[in-house]
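Predicted model only: the values in this text are computed from it and were never measured.
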Amino acid sequence: MIGLPDTITACLFDLDGVLTGTAVLHREAWKRTFDEFLRGRDGDSFREFTDHDYAAFVDGRPRADGVREFLRSRDIRLPEGKPDDSVNEPTVNGVGNRKNELVLKIIDERGVNPYPGSVRYLEAAKAAGLRIAVVTSSANGAKVLDAADLTKFVEARIDGLVIRRDNLKGKPAPDSFLAGAKALGVEPAHAAVFEDALSGVQAGHAGHFGCVVGVNRADQADELRSHGADVVVDDLAELLEKA
């Protein structure tokens, strides 16, 4: 009784913003990174990175894609650079690495807290015999899961490292979720996707998954529905109450 169609046998969870409160830490790190970059480029006339920018161009996407998409929205083009570029390099990878350095520092300082309702849902899903995977664009998936004491629930993890290794397209393409379903040995039609990012909901819809649950952490319920969510909740525990 977990509030999903009876045909669902597996759950594919995004991490930041769905299982843990780390989405706000990522948003803070992105803002600091982009504001610093734009201020250095444009001086006092720079336009700051906004919550809308985060939701529209960055949230849920692999790091380099987020850099590329946001800067494109400002008509800025940077060379790609290399994955190990210095944080001071004016490249897509350099800017992305600066953000990653910042978010790791913030996580170390503040820790990682799972949402209580999400922990309850994971416990219920596991007790019901459903397979569980985490699908996140973050390269820090293992670190966050361990810090939140959630690794014990997870059978498979598709994260930013796997996405890069296997040359998967990032969200809003469905590739990472399809890889999660494959890792669990289930067909997409029998898997549910749980996402708080508009790009992630798009990915679940594009992959023709059996159910796409939008988790409304940023007051964007209508946008989650319009991007493909079948169900929208403010907290995963609501699904248990509806069951």
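- Under a hydrophobic clustering in which Ile, Leu, Val, Met, Phe, Trp and Tyr are joined whenever their side-chain heavy atoms come within less than 4.5 Å, directly or via other members, Val232 and Val18 fall into different clusters.
- Under the salt bridge (charged side-chain N to carboxylate O under 4.0 Å, His left out) criterion, the residue pairs touching residues 52-64 are Asp53-Arg74, with sequence neighbours excluded.
- A salt bridge (charged side-chain N to carboxylate O under 4.0 Å, His left out) check over residues 196-220, counting only residues at least two apart or in different chains, returns the pairs Arg217-Asp235.
- Among residues two or more places apart in sequence or in another chain, the side chain to side chain contact (heavy atoms under 4.5 Å, CB included) test is passed with Ala124 by Ile2, Leu240.
- Hydrophobic clustering, with ILVMFWY side chains joined whenever heavy atoms are under 4.5 angstrom apart, keeps Val193 apart from Leu145.
- A donor-acceptor distance shorter than 3.5 angstrom exists from the side chain of Glu238 to the backbone of Asp234, with no hydrogens or angles considered.
- Applying the ring-ring contact (aromatic ring centres under 6.0 Å, His included) test to residues at least two apart or on different chains, none of the pairs has a partner in residues 146-192.
- A distance-only check finds no donor-acceptor pair linking the side chain of Asp159 to the backbone of Ala139 [under 3.5 Å].
- With hydrophobic clusters built from ILVMFWY side chains whose heavy atoms lie under 4.5 angstrom apart, Leu12 does not share a cluster with Val144.
- The side-chain heavy atoms of Val119 and Asp149, taken from C-beta on, include no pair separated by under 4.5 Å.
- Nearest heavy-atom pair across Thr136 and Ile163 is O-CD1, 3.9 Å.
- Taking the salt bridge (charged side-chain N to carboxylate O under 4.0 Å, His left out) definition, one finds that Arg98 meets it with Glu36, Glu101, sequence neighbours left out.
- Judged by distance alone, the side chain of Asn216 and the main-chain N or O of Gln220 form a donor-acceptor pair under 3.5 Å.
- To the nearest 0.5 angstrom, Asp230 atom CG is 11.5 Å from Leu224 atom CG.
- Nearest heavy atom pair, residue Ser137 against residue Gly60, reads OG-O, 2.5 Å.
- Around atom CZ of Arg47, no more than 12 heavy atoms belonging to other residues, nucleotides or ligands sit under 6.0 Å away.
- Nearest heavy-atom pair, Leu168 versus Ala179, reported as atom, atom and distance to 0.1 Å: CD1-CB, 4.0 Å.
- Once rounded to the nearest 0.5 Å, the distance linking OG of Ser86 with CG of Asn93 reads 11.5 Å.
- The cluster map of Ile, Leu, Val, Met, Phe, Trp and Tyr, joined by side-chain heavy atoms under 4.5 Å apart, puts Tyr115 and Leu25 in different clusters.
- Between His26 atom NE2 and Asn140 atom CG the span is 6.5 Å, to the nearest 0.5 Å.
- Atoms CG and CD, from Leu104 and Glu109 in turn, are 11.0 Å apart once rounded to the nearest 0.5 Å.
- Take Arg39 and apply the side-chain hydrogen bond (donor to acceptor under 3.5 Å, both in side chains) test, not counting sequence neighbours, and it matches no residue.
- Here the closest heavy-atom approach between residue Pro83 and residue Asn97 is recorded as O-ND2, 3.0 Å.
- Through side-chain heavy atoms spaced under 4.5 Å, either directly or across other Ile, Leu, Val, Met, Phe, Trp or Tyr residues, Phe37 is tied to Trp30, Phe34, Leu38, Phe46, Phe49, Tyr54, Phe57, Val58, Val67, Phe70, Leu71, Ile76, Leu78, Val92, Val95.
- Considering only residues two or more places apart in sequence or on other chains, Glu187 meets the salt bridge (charged side-chain N to carboxylate O under 4.0 Å, His left out) condition with none of them.
- Residues Ile8 and Leu19 share a hydrophobic cluster, clusters being chains of Ile/Leu/Val/Met/Phe/Trp/Tyr side chains in contact below 4.5 Å.
- Taking CZ of Arg110 as the start and OG1 of Thr22 as the end, the distance is 12.0 Å to the nearest 0.5 Å.
- Expressed to the nearest 0.5 Å, how far CG of Asp65 lies from OG of Ser199 amounts to 9.5 Å.
- A search for ring pair (Phe, Tyr, Trp, His ring centres under 6.0 Å) contacts involving Tyr121 returns Phe194, not counting sequence neighbours.
- Residues Phe13 and Leu236 have side chains in contact (heavy-atom distance under 4.5 Å, counting atoms from C-beta outward).
- The side chain to side chain donor-acceptor pair (under 3.5 Å) contacts involving residues 122-134 comprise Arg131-Glu155, where partners must be two or more places apart or lie in separate chains.
- By the 4.5 Å heavy-atom criterion applied to side chains, Glu28 and Ile106 are counted as neighbours.
- What you find for Ile132 and Ala125 is that their closest heavy atoms are CD1-CB, 4.2 Å.
- Taking each heavy atom of Ala173 and Ala203 in turn, the nearest pair found is O-CB, 3.4 Å.
- For Lys143, the salt bridge (charged side-chain N to carboxylate O under 4.0 Å, His left out) partners are Asp108, not counting sequence neighbours.
- Residues Gln202 and Glu195 fail the side-chain proximity criterion, which asks for heavy atoms closer than 4.5 Å.
- Ion pair Asp84/Lys82 not flagged as a salt bridge, since none of the NZ, NE, NH1 or NH2 atoms sits closer than 4.0 Å to an Asp/Glu carboxylate oxygen.
- Contact annotation: the side chain of Arg68 approaches that of Glu80 to within less than 4.5 Å [non-hydrogen atoms, C-beta and beyond].
- Remark: the backbone N or O of Glu223 is paired with a side-chain donor or acceptor of His227 at under 3.5 angstrom.
- Residue pairs satisfying the salt bridge (charged side-chain N to carboxylate O under 4.0 Å, His left out) criterion with at least one member in residues 8-17, sequence neighbours excluded, are listed as follows: Asp14-Lys171.
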